Amino acid sequence: MEVKLLVCAVLLLVFMVSGNHAQLDVCGTAPLNTKIVGGEDAPAGSWPWQVSLHTSAHFCGGSLINSQWILTAAHCFSSDSTFGLLVYLGRDTQQSLNPNEESRTVSQVIRHPDYNENSNDNDIALLKLSSTVDFTSYIRPVCLASADSVFPTGTNCWVTGWGTINSGVSLPSPQRLQEVQVPVVSQSTCREAYSQLTSNMICAGLSEGGKDSCQGDSGGPLVSKNDSKWVLAGVVSFGNGCAEPDFPGVYTRVSEYESWIKSQISSDQPGFVSFTGSGATGAARIYSLSLPLLLSLLPVLLPLFVLS
């Protein structure tokens, strides 16, 4: 009896690990992204997790994290109403045709219960799509930074969105998805600019300014590459103007919300990866080693199961 229970437990663990491994296989991969240095217009398919949130027009961005859930910013919503809310996935431009695009309505808006609109603390929200989406080269989820992730000062990140390109200037928002590369700024330096900074926030930008997210980018992704995978480090939250010297952009630190995200999504958990800034892929490496090890035990354990 004990042997049977042991074998069943091993088999169950194999299936569990296989599912997690499958999610980690797909998240954070962007087959059409060959970017090495910064640019302006993002080539179609470069950031396949980027979504555009619409009511009458684009108002915020977000990131696809599995086949049915979007991670975005709480401040994009004044209530939990889903009325008139549309999510566009695989979108390249806000004006022309998007042949690789899918759209979904939203069945649920979940703002973090401790979101503080005065300090912008816990500025994070989840959207449940009305139905799942199939992954393509233009539509696929991003990996999420796990709770033990560390983003050292200077870590190169990318921020993307359709937000305005100048703060306080009456210019139309760009129609094509924009991308910009910014380094992580230390908490101590960022706190000099923002006294309300908390451990739930991460900052990125140049001391001389000139590169930043802006209005309309809210809720969108701040990502960094961990070996072969793109990992979501932050969610566009707030800043003093846009691209101002000594005022970096402030992002919700995704790694602080692993438990909360998992508690809200009952199945098909997003892929969480341990980001260290040293090139290690903690979570992905653990799963890829564990699965072969467990599979290798099956030929030994299965005969015992049959004999018992």
Side-chain angles (χ1 to χ4, degrees), residues 27-43 45-50 61 63 65 71 140-163 165 177-194 197 199-214 217-239 242-256 271-285:
C27 77
T29 57
L32 303 179
N33 188 322
T34 57
K35 280 291 182 184
I36 298 175
V37 297
E40 294 179 354
D41 288 356
S46 294
W47 312 103
W49 42 83
Q50 173 80 54
S63 300
I65 60 173
L71 192 66
R140 58 180 55 208
V142 66
C143 296
L144 304 183
S146 61
D148 59 347
S149 293
V150 177
F151 291 86
T153 300
T155 299
N156 283 322
C157 297
W158 290 82
V159 60
T160 52
W162 288 276
I165 54 176
L177 181 66
Q178 300 290 293
E179 60 182 21
V180 67
Q181 192 175 35
V182 287
V184 171
V185 174
S186 71
Q187 292 294 91
S188 57
T189 298
C190 195
R191 192 166 285 110
E192 293 175 4
Y194 304 104
L197 197 73
S199 60
N200 296 324
M201 304 171 187
I202 183 172
C203 305
L206 300 173
S207 59
E208 66 271 24
K211 292 185 177 183
D212 197 5
S213 51
C214 206
D217 292 324
S218 290
L222 175 77
V223 297
S224 188
K225 201 167 189 181
N226 202 23
D227 285 346
S228 61
K229 292 184 177 295
W230 290 95
V231 179
L232 189 67
V235 174
V236 179
S237 182
F238 71 97
C242 304
E244 296 290 335
D246 299 318
F247 284 97
V250 185
Y251 303 79
T252 306
R253 188 182 291 268
V254 171
S255 60
E256 293 293 310
F272 285 90
V273 170
S274 176
F275 190 102
T276 63
S278 61
T281 53
R285 187 167 296 166

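Everything numeric in this text was worked out from a predicted model, so none of it was measured.
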Closest heavy-atom contact between V182 and A204?
CG2-CB, 3.8 Å
Where does the angle between the aromatic ring planes of W158 and W230 fall among parallel (under 30°), tilted (30 to 60°) and perpendicular (over 60°)?
perpendicular
Specify the closest pair of heavy atoms between A193 and D246, including all atoms of both residues, with the distance to one decimal.
CB-O, 3.4 Å
Could you grab the distance from atom CH2 of W49 to atom SG of C27, nearest 0.5 Å is fine?
9.5 Å
Would you say T189's side chain and S186's backbone share a donor-acceptor pair under 3.5 angstrom?
no
Any D217 side-chain heavy atom under 4.5 Å of V159 side chain:
no
Heavy-atom nearest pair, P221 first then Q50, reads CD-OE1, 3.2 Å
Looking at every non-hydrogen atom in both residues, tell me the closest pair between T29 and R140 and how far apart they are.
O-CD, 2.5 Å
Calculate, to the nearest 0.5 Å, the distance between atoms SG and CG belonging to C190 and L197 respectively.
4.5 Å
How far apart are the closest heavy atoms of T155 and S224, and which atoms are they?
CG2-OG, 3.5 Å
In terms of side-chain heavy atoms, does E179 have a donor or acceptor partner in W47 at a distance below 3.5 Å?
yes
Here the gap from L232 atom CG to S255 atom OG, rounded to the nearest 0.5 Å, amounts to 10.0 Å
Starting from the C-alpha separation in whole Å, work towards a yes-or-no answer on side-chain contact (heavy atoms from CB on, under 4.5 Å) for C203 and V184.
CA-CA 6 Å; C203 305; V184 171; over 6 Å; no
Output, in order, the C-alpha distance, side-chain angles, deciding distance and verdict of side-chain contact (heavy atoms from CB on, under 4.5 Å) for V231 and L144.
CA-CA 5 Å; V231 179; L144 304 183; 6.0 Å; no
Working note: V254 + V235, criterion side-chain contact (heavy atoms from CB on, under 4.5 Å); need CA distance, chi angles, decisive distance, verdict.
CA-CA 7 Å; V254 171; V235 174; 4.0 Å; yes
side-chain contact (heavy atoms from CB on, under 4.5 Å) evaluation trace for T252 with N200:
CA-CA 6 Å; T252 306; N200 296 324; 5.6 Å; no
Would you say the side-chain atoms of Y251 pair up with the backbone N or O of F238, donor to acceptor, closer than 3.5 Å?
no
Checking the side chain of R253 only, and the main-chain atoms of M201 only, is there a donor and an acceptor separated by less than 3.5 Å?
yes
Which pair of heavy atoms, one from G234 and one from I202, lies closest together, and at what distance?
CA-CG2, 4.4 Å
State the CZ-OG distance between F275 and S149, to the nearest 0.5 angstrom.
8.0 Å
Between CG on residue N226 and OG1 on residue T276, distance to nearest 0.5 Å
6.0 Å
Can you tell me how far apart NZ (K225) and CG (N156) are? Round to the nearest 0.5 Å.
13.0 Å
Looking at D148 and S274, would you say the former's side chain and the latter's main chain have a donor-acceptor pair under 3.5 Å?
no
